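Everything on this sheet refers to the single structure shown next.
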Protein chains: 2
Amino acid sequence: MNDSPDVTERLLAVAADLFAREGFDAVSVRDITSRAKANLGAVTYHFGSKEALFHAVIERVGAGFADRFASLAAQPGTPLERIAAIVTMVLTERDLPAPTMILRELATDRPLPAPLVRLMRRNLETMAGLIREGQHDGSISKGEPGLLAMSVMAQPFLLRVGSRIPLDVAGVDRADPKTQQRLVKHVVGIIHRSLSTHPQGRS
Amino acid sequence: MNDSPDVTERLLAVAADLFAREGFDAVSVRDITSRAKANLGAVTYHFGSKEALFHAVIERVGAGFADRFASLAAQPGTPLERIAAIVTMVLTERDLPAPTMILRELATDRPLPAPLVRLMRRNLETMAGLIREGQHDGSISKGEPGLLAMSVMAQPFLLRVGSRIPLDVAGVDRADPKTQQRLVKHVVGIIHRSLSTHPQGRS
DNA sequence: GACATATTCATACATACGTATGAATGATTC
DNA sequence: GAATCATTCATACGTATGTATGAATATGTC
């Protein structure tokens, strides 16, 4: 009678969607349970509390994100190519709640949820590893890999949410695939200039 | 008997601090009025509603930010030098609530407060202007000024909040002034590599 | 089919929220 | 100094929140 997957699964899916879009505070347990066609008590019963559900969501969403991340990092190709692939993924992938959630949590003084910290460290470590690799083979210029990793990730993270600004300035319209391509080209270009020892700048 | 400035002022100051640190949802009217040593009704009376107060806060915080921004942009020096000055300011300035508030609002699907959109457009337009200037005199490489402006601002915005991540990876500890300097040097370096037609990369 | 366990469900509880209200006090004007 | 206005104050209202409770039902086990 309910939607196919079991309650825990439905709650996780709905909660992931809502938390990513609205933030923890703006989403009520009633929002989640009603959309998941579950009883109000279901969150308490299956997860213990709203916050525990939130952490479970981060864990799951983060796992998906980190897997995409790591799998692209393990692909064949030069370090720079793999970095570009990751950045493109983070910038363009639909239904990628992780970056938004990370940004929102970072933009608070309240303590960061532990699973979120783990997620960020893991991904930054992956990125820093690629950068170190490139530095060893001479294709990536010197600099602290950790800081460079943050600078690299800053691009797709910010341009992703930044496309919400109605900008004559940048003329960004996320829906349009042409614009999408232009964005990717721009960001990959910036990454190249930032990292490469042989920047192919055209001016 | 109250703190010196008048109620409206105290409410604005306290609200700016709290909203910046915790976010709109996490701050209650009671939090604000009690800390401002004002009556519970004061927000309604002086501003009309909590949301109106929020918008007033954005307006004020944004005005301060935009002024710092514009004043640094109008300083003497090459476009790149002025861009570096702005970026350093955004990265290091204490009590600069605007970047955090902007990031948090961007990381939501809910409509952006109008004053915040105005603020972002104004600052990005200023930055894009500097970039155009540098492109005309040949010191800054080609590319859409609007997109480049976003990429430039992404650095201090993200590294600012990013310093909350306990990172062995990056070894960032905001308190330490040595680290602060290292951060500034890094970010200015990245900006140079991203924009300059004569990158002074040391490798 | 009886029992035990797991899950669902409706409802209750205590608390917190934003805002409204109306009386009390303060300041200003003539 | 009476009258008018602006502000402060305590309190009330309605609603929403997260969680707890205990009965009802489903599921699994022997």
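Model, not experiment: these values are computed from the prediction.
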Item checked: Main-chain N/O of B/Gly77 paired with B/Arg82 side-chain donor or acceptor, under 3.5 Å -> yes
Next item on the list: State whether B/Asp25 and B/Arg110 are salt-bridged, where the test is any N-O pair (Lys NZ or Arg NE/NH1/NH2 against Asp/Glu carboxylate O) under 4.0 Å.
Entry: yes
Next item on the list: Working to the nearest 0.5 Å, report the span between CZ of A/Phe19 and CD1 of A/Ile58.
Entry: 9.0 Å
Notebook entry, point to check: Can you tell if the side chain of B/Asp109 reaches within under 4.5 Å of the side chain of A/Glu22, non-hydrogen atoms only?
Noted result: no
Margin query: What is the distance, to the nearest angstrom, from the CG atom on A/Leu11 to the P atom on C/dT7?
Written below: 13 Å
Distances under 3.5 Å between nitrogen or oxygen atoms of protein and nucleotides 22-27 of chain D:
none

Margin query: If I take atom CZ in residue A/Phe54 and atom C1' in nucleotide D/dT17, what distance separates them, rounded to the nearest angstrom?
Written below: 17 Å
Note to self: From CZ of B/Arg30 over to C1' of C/dA20, roughly how many Å is that when rounded to an integer?
What the structure shows: 12 Å
Check: Nearest-Å distance, CG (A/Asp6) to P (C/dT7)?
Finding: 9 Å
So which protein nitrogen or oxygen atoms get under 3.5 Å of nucleotides 4-7 of chain D's nitrogens or oxygens?
from: D/dT7; atom 1: OP2; to: B/Tyr45; atom 2: OH; distance (Å): 3.0
from: D/dT7; atom 1: O5'; to: B/Tyr45; atom 2: OH; distance (Å): 3.4

Margin query: For the residue pair A/Thr92 / A/Gln180, report whether a side-chain donor-acceptor contact shorter than 3.5 Å exists.
Written below: no
Notebook entry, point to check: Can A/Glu125 and A/Arg118 be counted as an ion pair, charged N to O under 4.0 angstrom?
Noted result: no
Next item on the list: Examine distances only and state if a side-chain atom of B/Arg10 and a backbone atom of B/Pro5 form a donor-acceptor pair shorter than 3.5 Å.
Entry: yes
Checklist line | Rounded distance in Å - CG (B/Leu40) to P (D/dT8) | finding: 13 Å
Notebook entry, point to check: So which nucleotide from C/dT19, D/dG18, C/dT8 ends up closest to the side chain of A/Asn39?
Noted result: C/dT8
Notebook entry, point to check: Say you draw a straight line from CD of A/Glu105 to CZ of A/Phe24; how long is it, rounded to the nearest 0.5 Å?
Noted result: 9.0 Å
Notebook entry, point to check: What is the distance from CD1 of A/Ile32 to P of D/dT19, rounded to the nearest Å?
Noted result: 10 Å
Checklist line | Whole-Å distance separating the CG atom of B/Leu53 from the C1' atom of C/dG18 | finding: 12 Å
Check: When you look at CD of A/Gln181, are more than 12 heavy atoms from neighbouring residues, nucleotides or ligands closer to it than 6.0 Å?
Finding: no
Check: So which of residues 16-28 of chain A are in contact with DNA chain D, with a heavy-atom cut-off of under 4.0 Å?
Finding: A/Val27, A/Ser28
Notebook entry, point to check: Salt-bridged, A/Asp67 to A/Arg122, with N to O below 4.0 Å?
Noted result: yes
Notebook entry, point to check: Between the side chains of A/Thr197 and A/Ser141, does any donor sit under 3.5 Å from an acceptor?
Noted result: no
